[in-house]
Amino acid sequence: MLLQLPTDVLVEILQHLNVTSLAAVAQTCSRLNALPWPIVDLDSISGARLEPEELEYIILKRRPRLLRIKGFVGCAKARLLTPQLELIASDSVLTHLRLHGVYIGDQGIQAITPVVPQLVSLELAYNNVSPAGAQTLAKALKLNDTLEHLDLSSNSVQAAGAASIAAALTEASCRATLRYMDMSSNEVGGDACDALNQAFASLASLNHVAFSNNPIGDAGFARLAPGLLAAPRNLVLFNQCFIADEGMKALCSAPHTNEPIDTLNLSKNRITAAGLAALPTSSLVINFLDLSSNPLQQGRARVAPGSMEGVMLLQGVKRVDLSGCGLEDDGFECMCNALCSPHCTVEELDISNNQVTCTMLSMPHMAPSTFSGMHALQKLTLNFTPLSDSGVRLLCERVLHSPKLVELRLADTEFGADGALAVRDFLRKTKTLTHLDISGNMLGPKGAFAIGEGLALNSSLYKCYMSNCHLLRHVVEQFAQGFLTTETRNSTLHTLALSGNPMGASGGNAIGSMLAHNKLGVSTLSLAGGSLGDAGLEGFVEGVRTNTTLKCLNLKGNRITPESLGKLGDLLEHTQSRITCLDLSRNLLTGDGLVVFLRHITALKRHMQRLVLSDNQINEVNVHTVAHFLRQNPNLAHLSLSGNKLGSKGLRILSPALQDVKHLRQLELLQVVSHGARDAADAFRALIKENRHVLVLRELNALQFDCSQL
């Protein structure tokens, strides 16, 4: 059918196809052989599974401009050998090369040097490149005048290798074109920073700089800061680089352009509040400042005056991440004062995993009127902070007065019924909030009723997360009752997550009653880990029969047996239900019940798009049922069978059925064969070769077993 298309259309399609999915046909098809295939994406096929004749055909016959090959990180069997690399280097039209986790080493770097001068993009992450290999690569880079993207992350080039690369880029013609450089996780120390400083200063077009997880230290960071700030940068990543206060001060005092840095990530360093004190004296413009997991507030010491204000009032800053920084109430008080300033531009603030309790909000000088000027804040995250009921109440009464607040995250903040009442009152008033996360809080019956009532009365909320709130059956009943007691009900709620709440059978009935007749009009609902059992599923199904809004349903881990599957299948087939995405993983599905269920699914007038059946009891005996289902559902886009004991025999049964599924975009087959099975590799190899049109797609997630079997 593909060959029936006009040539110009076919050429356009081939720009976006994975060439190996058609390689076998192409070698015998003169028309396909005559057309250009500029993109070859082998991210789903490691070097260990790439046949020599296939690579030879791809390079010598197809002459791609873009080539991607991805191996298995940590598996030496996935490496590309020197003859394969030399073949790749012979491609005279190649401009984009990605070799990820194929462990080419220094010898492999030598093999690909002939093609380096012509490249626009070179990605060599996870390839065991040492300083010697980096020096070899540097010589080839000097001859390049087109390079825009260079990724050497997760190697071991060290300071000597980084200095060689930096010196080469300073001299190369590509210094005018290079936009992206990533040398994270390379053991680069401070000794390379003088060379890096010169390189950064000369690379005016470089807007993405990533050097995370390198032992650069204060002295090294101070030496490279002038070059780093000498030109506009979009993304600067120096997290986990042993940078402390002196490094921060050097950054703030270095000469810089007036152009904003879009993202500056200094997380997981050693910066304290003393280092932040330099920010008010700086004219740096940063859109997103990430200082998470720095010891900003040590012990019981108070925050240095002006340090928090310096962060919050930094010119142009819109997002600030201060999670995991040891902050306490005095630090949060400084933030609140800054947020109310007319000069504050912070729209997103994350202070999760700190020791903030909000008790200082009860002070007279922190009255609600104080926060009336909080005009910019849109997203506030306080997850994993010990707010408790009083803190949440004070937060809702005072701080949450921003006229633009759209997202509030209070997961695991230790509040209960009284805090839930405050959240309810806030939900009644707000006209802007679209996302609310109160997961991990013990609401109790009274609190659950209040939240249900608040959801019904709210007119703006789009997503609500209430996972792991210990909503037992009687608590869920109160939640449903609170929602149903009011005549006016939220019509905007799209997603409701109730995962990890052991609601049991009566809880399933209660949620079903909320969904009946679209009283709760969500389209995505998660009841994963809800302990519904067969009785709970049946009660839930009865309530959903008249629902027409629900499209995605997660019933993972609910102890559902084959006996009740028939009713769920009947619901999907014979009612107005519009469910097209269904997760039934970690249940007890097998045998006749599975047959009946899949028969109902097959009879649907609309096609199921996503079906997750992982971690059930599907084996080589009843995999025939799944194979038949696949043949009858050619439009299925996502199927997961991971964790089922299909065995090698089951894979061979499944393989022919996959040939009839033309739109499959994701297939998950993790842990479907016993570890060490002798014929497992052969079964997988046969399945892959027979179904390249399915399995070579980039989203494939398969083959989690000993790679040495390949």
Side-chain angles (χ1 to χ4, degrees), residues 448-449 452 455-456 466 471-487 489-491 493-499 501-589 592-606 608 611-612:
F449 184 94
L455 289 180
M466 297 176 61
L471 303 182
L472 301 174
R473 62 173 182 79
H474 64 288
V475 181
V476 174
E477 289 171 351
Q478 288 297 306
F479 172 66
Q481 187 176 345
F483 182 85
L484 296 173
T485 51
T486 177
E487 295 181 1
R489 298 192 183 95
N490 185 321
S491 59
L493 195 63
H494 172 276
T495 299
L496 178 61
L498 296 171
S499 306
N501 290 298
M503 61 185 68
S506 59
N509 295 338
I511 299 299
S513 67
M514 293 174 68
L515 291 164
H517 301 288
N518 298 335
K519 291 189 287 288
L520 175 63
V522 296
S523 62
T524 300
L525 175 66
S526 177
L527 300 177
S531 303
L532 298 184
D534 290 345
L537 178 63
E538 292 176 11
F540 174 78
V541 164
E542 289 303 316
V544 179
R545 285 189 179 278
T546 55
N547 181 281
T548 59
T549 64
L550 191 61
K551 295 179 181 178
C552 297
L553 176 61
N554 187 341
L555 293 173
K556 176 181 179 180
N558 270 288
R559 298 184 295 187
I560 299 169
T561 67
E563 286 69 25
S564 63
L565 268 184
K567 291 193 175 183
L568 179 59
D570 180 69
L571 163 74
L572 295 173
E573 181 183 357
H574 295 116
T575 68
Q576 303 176 55
S577 173
R578 298 180 180 178
I579 297 173
T580 56
C581 301
L582 183 61
D583 189 340
L584 289 168
S585 57
R586 296 191 181 181
N587 284 291
L588 305 169
L589 311 186
D592 294 340
L594 181 63
V595 172
V596 173
F597 172 71
L598 292 180
R599 189 180 299 146
H600 282 296
I601 297 294
T602 302
L604 287 174
K605 294 179 181 179
R606 69 206 165 278
M608 183 66 66
L611 182 61
V612 181

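Note that the numbering runs from 1 along the sequence shown for the chain.
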Legend entry - By side-chain hydrogen bond (donor to acceptor under 3.5 Å, both in side chains) - contacts of T548 (at least two apart):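 If we apply the side-chain hydrogen bond (donor to acceptor under 3.5 Å, both in side chains) test to T548, skipping adjacent residues, the hits are N518.
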Legend entry - Any residue meeting side-chain hydrogen bond (donor to acceptor under 3.5 Å, both in side chains) with N587, in chain and number order, not counting sequence neighbours: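 For N587, no residue satisfies side-chain hydrogen bond (donor to acceptor under 3.5 Å, both in side chains) once neighbours in sequence are set aside.
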Legend entry - salt bridge (Lys or Arg N to Asp or Glu O under 4.0 Å) against R545, all qualifying residues, sequence neighbours excluded: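 Residues passing salt bridge (Lys or Arg N to Asp or Glu O under 4.0 Å) with R545: E542, D570.
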Inset, instruction - Taking salt bridge (Lys or Arg N to Asp or Glu O under 4.0 Å) as the test, write out the residues that go with R586, two or more places apart. - result: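 For R586, the residues satisfying salt bridge (Lys or Arg N to Asp or Glu O under 4.0 Å) (neighbours in sequence not counted) are D615.
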[X] and [Y]: which non-hydrogen atoms are nearest, and at how many Å?
{"X": "A448", "Y": "L471", "value": "CB-CD2, 4.4 Å"}
{"X": "M466", "Y": "L498", "value": "CB-CD2, 3.8 Å"}
{"X": "L589", "Y": "I560", "value": "CD2-O, 3.7 Å"}

Calculate, to the nearest 0.5 Å, the distance between atoms [atom1] and [atom2] belonging to [X] and [Y] respectively.
{"X": "L496", "Y": "L515", "atom1": "CG", "atom2": "CG", "value": "8.5 Å"}
{"X": "F483", "Y": "L493", "atom1": "CZ", "atom2": "CG", "value": "7.5 Å"}
{"X": "Q478", "Y": "T485", "atom1": "CD", "atom2": "OG1", "value": "10.0 Å"}

Side chains of [X] and [Y] in contact at under 4.5 Å (non-hydrogen atoms):
{"X": "L550", "Y": "V522", "value": "yes"}
{"X": "N501", "Y": "F479", "value": "no"}
{"X": "N558", "Y": "F540", "value": "no"}
{"X": "L565", "Y": "L584", "value": "yes"}

Under 3.5 Å, side-chain donor or acceptor atoms of residues 526-535 against the rest of the protein: list the pairs with distances, not counting sequence neighbours.
| unit_1 | atom_1 | unit_2 | atom_2 | d |
| --- | --- | --- | --- | --- |
| S526 | OG | S499 | OG | 2.5 |
| D534 | OD1 | T561 | N | 3.0 |
| D534 | OD1 | T561 | OG1 | 3.0 |
| D534 | OD1 | S564 | OG | 2.8 |
| D534 | OD2 | T561 | OG1 | 2.4 |

Distance-only criterion, 3.5 Å: show the donor-acceptor pairs between side-chain atoms of residues 505-513 and protein atoms not counting sequence neighbours.
| unit_1 | atom_1 | unit_2 | atom_2 | d |
| --- | --- | --- | --- | --- |
| S506 | OG | E477 | OE2 | 3.3 |
| S513 | OG | A510 | O | 2.5 |

Inset, instruction - Mind jotting down which residue pairs meet the salt bridge (Lys or Arg N to Asp or Glu O under 4.0 Å) criterion with at least one end in residues 546-556? Sequence neighbours excluded, please. - result: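 Found none.
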Inset, instruction - Evaluate the criterion side-chain contact (heavy atoms from CB on, under 4.5 Å) for residue pair T549 and R578; output intermediate values, then yes/no. - result: CA-CA 7 Å; T549 64; R578 298 180 180 178; over 6 Å; no
Inset, instruction - Before giving the answer on side-chain contact (heavy atoms from CB on, under 4.5 Å), spell out for L520 and L525 the whole-Å C-alpha distance, their side-chain angles and the decisive distance to 0.1 Å. - result: CA-CA 10 Å; L520 175 63; L525 175 66; 5.6 Å; no
Inset, instruction - Return the set of residues passing ring-ring contact (aromatic ring centres under 6.0 Å, His included) with H474 (not counting sequence neighbours), or none when no residue passes. - result: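 By the ring-ring contact (aromatic ring centres under 6.0 Å, His included) rule, H474 matches no residue at all.
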Inset, instruction - For V612, check side-chain contact (heavy atoms from CB on, under 4.5 Å) against everything at least two apart and list the hits. - result: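 Result, side-chain contact (heavy atoms from CB on, under 4.5 Å) vs V612: D583, S585, R610, S614, H638, S640.
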